[in-house]
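All ligand and atom numbering here is 1-based and tracks the order in the structure. The structure presented is a predicted model; accordingly, all values stated were derived computationally and were not measured.
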Amino acid sequence: NAKLSPEKLLCQLRDRVNVTMIQRSDGPFGTSEWLQYLPGKSFSEAVGHLGRCAVVSSAGSLKSSRLGQEIDSHDAVLRFNGAPVRGFQDDVGQKTTIRLVNSQLVTVEEQQFLSEPLYNTGILIVWDPAPYHAEIHEWYRKPDYNFYESYKAYRRAHPEQPFYILNPKMQWQLWDILQENSLEHIQPNPPSSGMLGIVLMMTLCDQVDVYEFLPSKRQTDICHYYQKFHDHACTMGAYHPLLFEKNLVKHMNQGTDEDIYTLGKVTLPGFRKVQC
Ligand code: NCC
């Protein structure tokens with residue numbers, strides 16, 4: 001039901017969604033205290049240019065997929081929140097280049113976040129559901145979850161690990177494009193970590209293969225591949241506009257429907273490869 005052609009949609013995403021990390025120059029983060037905590041290296045310096053990338057959703061349908069080798073064959077792998085690799089290598093691989101976590105996890109599950117070795121691999125990025133197109137000072141005063149102290153504690157414990165804060169303007173630039181390309185009104189909640197991660201990787205990589213964001217024939221009500229918990233909303237969405245995200249991604253898929261059905265795999269071009 002998307003209105004724009006796939007080519008035009010890719011150009012809109014490339015030109016209107018600014019994927020940046022919080023830096024010293026960003027208003028309230030310009031203090032001498034924050035200077036000690038924000039990573040010294042810029043995000044683009046820390047990642048560099050990536051070729052083939054994999055985005056691994058946390059969906060239950062990854063269970064028994066045996067996609068591990070295929071996922072690990074990529075130059076970089078993005079994972080979400082508390083999604084583990086240990087014990088699940090055959091299905092999800094073992095490489096983690098970037099892990100995108102939400103501010104709820106960093107705040108509400110702070111003890112696990114600070115102690116679980118799972119988080120110590122790769123580059124970490126945290127995002128927070130900021131108010132719609134909020135100015136940075138307004139968001140800083142009223143984040144959805146007040147994750148700043150936990151972020152600092154993690155940085156003190158792991159000063160060598162790159163750990164960035166996603167600039168929240170990105171999620172609403174992306175939401176606007178989701179809304180413009182949907183026939184219905186979308187609830188004004190930010191896109192899921194999955195959708196944010198897909199667009200993030202499109203800015204970094206030449207090609208992005210996304211696994212089990214569009215469900216394969218293994219589709220299940222089991223929420224995560226690493227838990228026994230059932231909830232239909234995990235795949236279809238409740239708070240996040242997941243269904244709209246999935247329609248948009250389906251519309252841009254450059255791979256085959258067969259790949260979606262058998263592997264749960266969608267192939268998207270990196271923005272560097274997009275000609276507008
Ligand atoms: O579940 P979650 O997401 O960590 O999953 C990461 C991304 O994978 C895609 N996904 C997941 C399950 C599924 N069956 N189908 C999918 O397509 C989605 O794109 C999802 O974004 C989040 O987006 O950050 C979310 O986080 C959890 C939770 O906060 C974290 O796991 C930390 O514990 C949210 N769950 C709850 O708040 C209960 C979830 O709504 C969104």
Side-chain angles (χ1 to χ4, degrees), residues 54-65 67 71 77-85 88 91-93 96 98-116 118-119 124-130 143-147 150-151 154 165-166 168 170-172 174-175 178 186-187 189-202 208-250 252-253 260 263-266 268:
V55 173
V56 185
S57 97
S58 304
S61 47
L62 274 157
K63 192 98 185 86
S64 307
S65 67
L67 285 166
I71 289 169
V77 178
L78 174 72
R79 301 183 193 276
F80 300 101
N81 297 318
V85 291
F88 302 93
D91 293 333
V92 303
T96 304
I98 305 178
R99 184 176 290 273
L100 179 61
V101 299
N102 65 42
S103 57
Q104 180 188 28
L105 178 143
V106 170
T107 311
V108 180
E109 299 170 38
E110 177 172 2
Q111 287 321 312
Q112 282 126 285
F113 179 63
L114 293 178
S115 60
E116 272 275 357
L118 163 72
Y119 298 105
L124 280 175
I125 304 173
V126 59
W127 75 276
D128 177 71
D144 196 31
Y145 286 91
N146 199 326
F147 66 95
S150 179
Y151 173 86
Y154 191 98
I165 303 169
L166 188 66
M170 177 245 179
Q171 64 210 32
W172 293 112
L174 175 56
W175 186 92
L178 279 164
I186 308 183
Q187 65 273 29
N189 296 326
S192 71
S193 295
M195 188 68 207
L196 298 175
I198 290 168
V199 175
L200 167 78
M201 292 312 260
M202 289 171 84
V208 182
D209 292 327
V210 185
Y211 293 92
E212 291 289 2
F213 184 64
L214 297 189
S216 69
K217 61 182 179 188
R218 290 178 299 274
Q219 177 165 9
T220 164
D221 274 357
I222 298 172
C223 185
H224 296 130
Y225 66 81
Y226 52 91
Q227 284 172 337
K228 290 233 152 60
F229 166 70
H230 288 250
D231 186 356
H232 184 68
C234 292
T235 304
M236 296 309 184
Y239 169 79
H240 297 294
L242 252 189
L243 214 54
F244 301 95
E245 300 170 10
K246 292 184 185 204
N247 282 335
L248 202 78
V249 166
K250 173 86 172 49
M252 295 187 294
N253 181 25
I260 299 178
L263 307 171
K265 173 181 172 181
V266 158
L268 303 170

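Not a single protein heavy atom sits closer than 4.0 Å to atom 34 (C) of ligand 1. For atom 25 (C) of ligand 1, the protein comes within 4.0 Å by at least one heavy atom. Within a 4.0 Å radius of atom 28 (C) of ligand 1, the protein contributes at least one heavy atom.
Rounding to the nearest 0.5 Å places OH of Tyr145 at 8.0 Å from OG1 of Thr107. Taking CG of Leu248 as the start and CD1 of Ile198 as the end, the distance is 9.5 Å to the nearest 0.5 Å.
No part of Glu245 comes within 4.0 Å of ligand 1, judged by heavy-atom distances. Under 4.0 Å from ligand 1, the heavy atoms of Asn81 that appear belong solely to its side chain. When heavy-atom distances to ligand 1 are checked against a 4.0 Å cut-off, Ser61 has no atom that comes that close, whether in backbone or side chain.
Against a heavy-atom cut-off of under 4.0 Å, Glu109 is close to the following atoms of ligand 1: 32 (C), 33 (O). Close contacts of ligand 1 with Phe213, meaning ligand atoms under 4.0 Å from a residue heavy atom, involve 17 (O), 19 (O).
The shortest N/O to N/O separation between Tyr226 and ligand 1 does not fall below 3.5 Å.
Inspection of the Glu245 and Ser192 side chains reveals an N or O donor paired with an N or O acceptor under 3.5 Å.
Of the possible donor and acceptor atoms, none in the side chain of Tyr119 sits under 3.5 Å from a partner among the backbone N and O of Arg99. A side-chain donor-acceptor contact under 3.5 Å links Ser65 to the backbone of Asp91. Panel note: side chain Asn102, backbone Gln104; a donor-acceptor pair is recorded below 3.5 Å. In this structure, Ser150 contributes its side chain and Val106 its backbone to a donor-acceptor pair below 3.5 Å. The backbone N or O of Arg218 sits nowhere less than 3.5 Å from a side-chain atom of Glu212 that would complete a donor-acceptor pair.
Atom 12 (C) of ligand 1 has as its closest protein heavy atom Cys223 O, 3.5 Å. Ranking the protein heavy atoms by distance from atom 8 (O) of ligand 1 puts Ser58 N, 3.4 Å first. The nearest heavy-atom contact from the protein to atom 23 (O) of ligand 1 is Ser193 N, 2.9 Å. The protein heavy-atom contact nearest to atom 40 (O) of ligand 1 is His240 CD2, 4.2 Å. Ranking the protein heavy atoms by distance from atom 18 (C) of ligand 1 puts Ser192 OG, 3.9 Å first. In terms of protein heavy-atom proximity, atom 9 (C) of ligand 1 is nearest to Ser57 CB, 3.9 Å.
One option in Cys234, Gly264, Gly194, Gly237 has a heavy atom closer to atom 10 (N) of ligand 1 than any other, and that option is Cys234. Of the candidates Glu212, Gln112, Lys246, Met236, Lys246 brings a heavy atom nearest to atom 17 (O) of ligand 1. Relative to atom 1 (O) of ligand 1, the option among His224, Gln104, Met195, His232 with the closest non-hydrogen atom is His224.
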request  = Give the C-alpha distance, both sets of side-chain angles, the deciding distance and a yes or no for side chain to side chain contact (heavy atoms under 4.5 Å, CB included) between Phe213 and Val266.
outcome  = CA-CA 8 Å; Phe213 184 64; Val266 158; over 6 Å; no

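Between Trp127 and His240, the angle of the ring planes lies from 30° to 60°, which puts this pair in the tilted group. Under the 30°/60° scheme for interplanar angles, the aromatic rings of His224 and Tyr226 are found to lie parallel.
Under the 4.0 angstrom criterion for non-hydrogen atoms, Tyr239 is not in contact with ligand 1.
Closest approach of Pro241 and Leu178 over heavy atoms only: CG-CD1, 4.4 Å.
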